[in-house]
Amino acid sequence: MTATTALLILGAAALDVLANLLLKRSDGLARPAYFVGAVLTVLAAFSLIGLAARDLPVAVAYALWGGLGIVTTALLSRRIDGARLTPTGWAGLALILGSLAVLSRTP
């Protein structure tokens with residue numbers, strides 16, 4: 001994976017996390033501006049993944065994006081909203097991180 005591809009995936013994951021946070025703030029569409037922001041942010045993330053897929057198989061690019069987004073969203077939700085993870089949840093996050101480490105070595 002090239003440095004540019006890694007940056008595209010990291011950017012897509014960051015946008016995905018931002019979209020998740022905006023979606024939470026939309027309060028079930030009661031605050032539509034947040035919802036619209038979330039949708040636009042997801043579209044931007046998909047654009048970056050599309051660019052990353054030029055260098056990596058789509059399945060690998062998508063898995064890296066999704067995994068990074070899941071782990072980061074879980075950790076930020078804990079920090080921002082006080083969400084708690086069980087030991088099983090922490091183990092799941094560790095497994096995702098291990099999977100990402102293996103996937104990132106895909107030629």
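Just so we're clear, the structure is a prediction, and the values are computed from it rather than from any experiment.
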CD1 on I49 to OG1 on T5, rounded to 0.5 Å: 10.0 Å
Test of understanding: clusters of I, L, V, M, F, W, Y form through side-chain heavy atoms closer than 4.5 Å, transitively. Do L43 and Y62 belong to the same one? no
Side chains of V42 and L15: does their closest heavy-atom pair fall under 4.5 Å? no
Going by salt bridge (Lys or Arg N to Asp or Glu O under 4.0 Å), name the residues that satisfy it together with R31, two or more places apart in sequence or in a different chain. none
Beyond-backbone contact of L22 with F35, side-chain heavy atoms, under 4.5 angstrom: no
Contacts of Y34 meeting ring pair (Phe, Tyr, Trp, His ring centres under 6.0 Å) (sequence neighbours excluded), chain-then-number -> none
Between atom CG of D16 and atom CG of L48, what is the distance when rounded to the nearest 0.5 Å? 11.0 Å
Please evaluate residues D55 and L8 with respect to the criterion side chain to side chain contact (heavy atoms under 4.5 Å, CB included), reporting the C-alpha separation (whole Å), side-chain torsions for both, the decisive distance (0.1 Å), and the verdict. CA-CA 11 Å; D55 187 45; L8 289 169; over 6 Å; no
With clusters defined by side-chain heavy atoms of hydrophobic residues (ILVMFWY) lying less than 4.5 Å apart, directly or transitively, does I70 cluster with L23? no
I96 side chain reached by L68 side chain, heavy atoms, under 4.5 Å: no
In the single-linkage hydrophobic clustering (I, L, V, M, F, W, Y; side-chain heavy atoms under 4.5 Å), do V60 and V102 co-cluster? no
Of all heavy-atom pairs between A13 and G69, which one has the smallest distance, and what is that distance? CB-N, 4.2 Å
Check residues 77-91 and write down every donor-acceptor pair under 3.5 Å in which the side-chain atom is one partner and the other belongs to a residue at least two apart or another chain.
unit_1 : atom_1 : unit_2 : atom_2 : d
S77    : OG     : T73    : O      : 2.9
T86    : OG1    : T88    : N      : 3.4
T86    : OG1    : G89    : N      : 3.1

Could you check if a side-chain atom of M1 sits within less than 4.5 angstrom of a side-chain atom of L64, using non-hydrogen atoms only? yes
Identify the heavy atoms of I9 and A61 that sit nearest to each other, and give their distance. CD1-CA, 4.3 Å
How far does CG of L93 sit from CG of L75, to the nearest 0.5 angstrom? 6.0 Å
If hydrophobic clusters are built from ILVMFWY residues whose side chains come within less than 4.5 Å, do L7 and L51 share one? no
Single-linkage hydrophobic cluster L18~F46, side-chain heavy atoms < 4.5 angstrom: no
Between W65 and A12 (side chain of the first, backbone of the second, donor and acceptor by atom type, cut-off under 3.5 Å), is there such a pair? yes
Measure across A63 and L103 and return the closest heavy-atom pair with its distance rounded to 0.1 Å. CB-CD1, 3.6 Å
